[in-house]
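Data block below; observations after.
Lettering of chains follows the sequences in order, A, B, ..., and the numbering in each one begins at 1.
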Protein chains: 2
Amino acid sequence: MATSKYENLRLQYKIWFTDETGNGLLGDGKWKILKAIDEEGSLTAACEKLGITYRRTWNDLKSIEKRLGFALLEKNRGGVDGGSTSLTVEGQRLIRAFDIFHEQMDTIMQDHFRLLINELTSNGE
Amino acid sequence: MATSKYENLRLQYKIWFTDETGNGLLGDGKWKILKAIDEEGSLTAACEKLGITYRRTWNDLKSIEKRLGFALLEKNRGGVDGGSTSLTVEGQRLIRAFDIFHEQMDTIMQDHFRLLINELTSNGE
DNA sequence: ATGCGTTATGATGAAAAATTCATATCGAAT
DNA sequence: ATTCGATATGAATTTTTCATCATAACGCAT
């Protein structure tokens, strides 16, 4: 049995943090933004890097700040270079934790998915 | 340290199947619909059960049929009872597989999430 | 042949989300 | 005080998504 109707199925997933009532706090989108900010040191630069609009990103970050109880970002405006945005230590720890979690989930998910596909293809058709 | 800024964080996730190019094929929403159809034996009844519109559901199912290579549903219309919709054997196997996968992921996710929170709360603050 | 309940579809409109455009604010350096 | 580049926001516009309404087609039983 070389091919099966399941062979081109892929698995995708999303994870996100919420508060006790289920309101979204931090998900993949904002996680990527925060990572880019950490690398670039600037919101504007991070947006260019990701190819998303400044306006949109700014809204997203505002909603994070509003919902999360503590600061992830340190913003400075003015100055000779116009300003900058960077992550607080806690922001860095949080995205690092998200990184690790993603790595773990990637492998676990795909492992289990492979098993699932095997089962689907073997016992039937 | 009784409380921490992380203590009311929760984790949520979504999984879905796609084709090789990332187009969504089957996710939680359609999975629930299919389950309801399997239980009710009718699209109309399934929609009422879930509290969603027939029109919407019908669109969703059409998109599944279009993208997936094989049939999940067996539809009959007319007849004394007006008609019916049921799952094919393969449809049943697929949603059963989704069930199992979800169960596995639920426990794995929460286990790893707990570890993550522990790490966040212990080494820092 | 007609009545019934279900599947099948088009058309319209409302609501929400995303994008675009414009503009204000800030502060170090000159 | 003026310049400059980045942050901060409002407002309008477009796009996308979702909900509603109306209506056709179907086929078994009577």
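Put simply, CG on A:Asn59 is 11 Å from C1' on D:dG10, counting in whole angstrom units. In this structure, CD of B:Glu48 is placed 10 Å from P of C:dT7, rounded to the nearest angstrom. Taking atom CD1 of residue B:Ile37 and atom C1' of nucleotide C:dA8, one finds them 14 Å apart after rounding to whole Å. Atom C1' of nucleotide D:dT17 and atom CG of B:Asp60 are separated by 11 Å, given to the nearest angstrom.
For the atom pair CD (A:Glu48) and CG (A:Leu43), the distance works out to 11.0 Å, reported to the nearest 0.5 Å. Here the straight-line distance linking atom CE of A:Met109 with atom CG of A:Asp111 works out to 11.5 Å at 0.5 Å rounding.
Residues passing the side chain to side chain contact (heavy atoms under 4.5 Å, CB included) test with A:Asn23 are A:Asp19, A:Thr21, sequence neighbours excluded. Partners of B:Phe98 by ring pair (Phe, Tyr, Trp, His ring centres under 6.0 Å), not counting sequence neighbours, listed by chain and number: B:Phe17, B:Trp31, B:His102. By the side chain to side chain contact (heavy atoms under 4.5 Å, CB included) test, B:Leu115 is found to be paired with no residue, residues two or more places apart in sequence or in another chain being considered. Taking B:Trp16 as the reference, nothing meets the ring pair (Phe, Tyr, Trp, His ring centres under 6.0 Å) condition, with sequence neighbours excluded. In this structure A:Glu20 satisfies the side chain to side chain contact (heavy atoms under 4.5 Å, CB included) test together with B:Asn8, B:Arg10, sequence neighbours excluded. By the side chain to side chain contact (heavy atoms under 4.5 Å, CB included) test, B:Thr107 is found to be paired with no residue, residues two or more places apart in sequence or in another chain being considered.
Listed by residue number, the members of residues 24-36 of chain A with any heavy atom below 4.0 angstrom from DNA chain C form an empty set.
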Extract from the structure each pairing of a protein N or O with an N or O of nucleotides 3-5 of chain D at less than 3.5 Å, listing the distance.
from, atom 1, to, atom 2, distance (Å)
D:dG5, N2, A:Gly82, O, 3.0

Could you list all N or O pairs between the protein and nucleotides 9-18 of chain C that sit under 3.5 Å apart?
from, atom 1, to, atom 2, distance (Å)
C:dG10, N7, B:Arg55, NE, 3.4
C:dG10, N7, B:Arg55, NH2, 2.5
C:dG10, O6, B:Arg55, NE, 2.7

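Using a 4.0 Å cut-off, no side-chain N or O of A:Ser42 falls inside it from OP1 or OP2 of D:dA6. For A:Lys75 and D:dA6, the shortest distance from a side-chain N or O to OP1 or OP2 is not below 4.0 Å. For C:dT6, the OP1/OP2 oxygens have no side-chain nitrogen or oxygen of B:Ser84 closer than 4.0 Å.
Residues A:Cys47 and A:Thr53 come closest through the heavy atom pair SG-O, 4.0 Å.
Legend: salt bridge (charged side-chain N to carboxylate O under 4.0 Å, His left out) pairs involving residues 67-85 of chain B, not counting sequence neighbours, sorted by first then second residue: B:Glu65-B:Lys75. Sorted by first and then second residue, the salt bridge (charged side-chain N to carboxylate O under 4.0 Å, His left out) pairs involving residues 33-43 of chain A (not counting sequence neighbours) are A:Lys35-A:Asp99, A:Glu39-A:Lys49, A:Glu40-A:Lys49.
Between its opening and closing five pairs, the helix from C:dA1-D:dT30 to C:dT30-D:dA1 changes axis direction by 10°, a value rounded to 10 degrees.
With a 4.5 Å cut-off on side-chain heavy atoms, B:Thr44 and B:Thr85 do not count as touching.
Within 4.0 Å (heavy atoms only), A:Thr44 reaches at least one base atom of the nucleic acid.
For the residue pair B:Asn59 and B:Arg55, a side-chain donor N or O sits within less than 3.5 Å of a side-chain acceptor on the partner.
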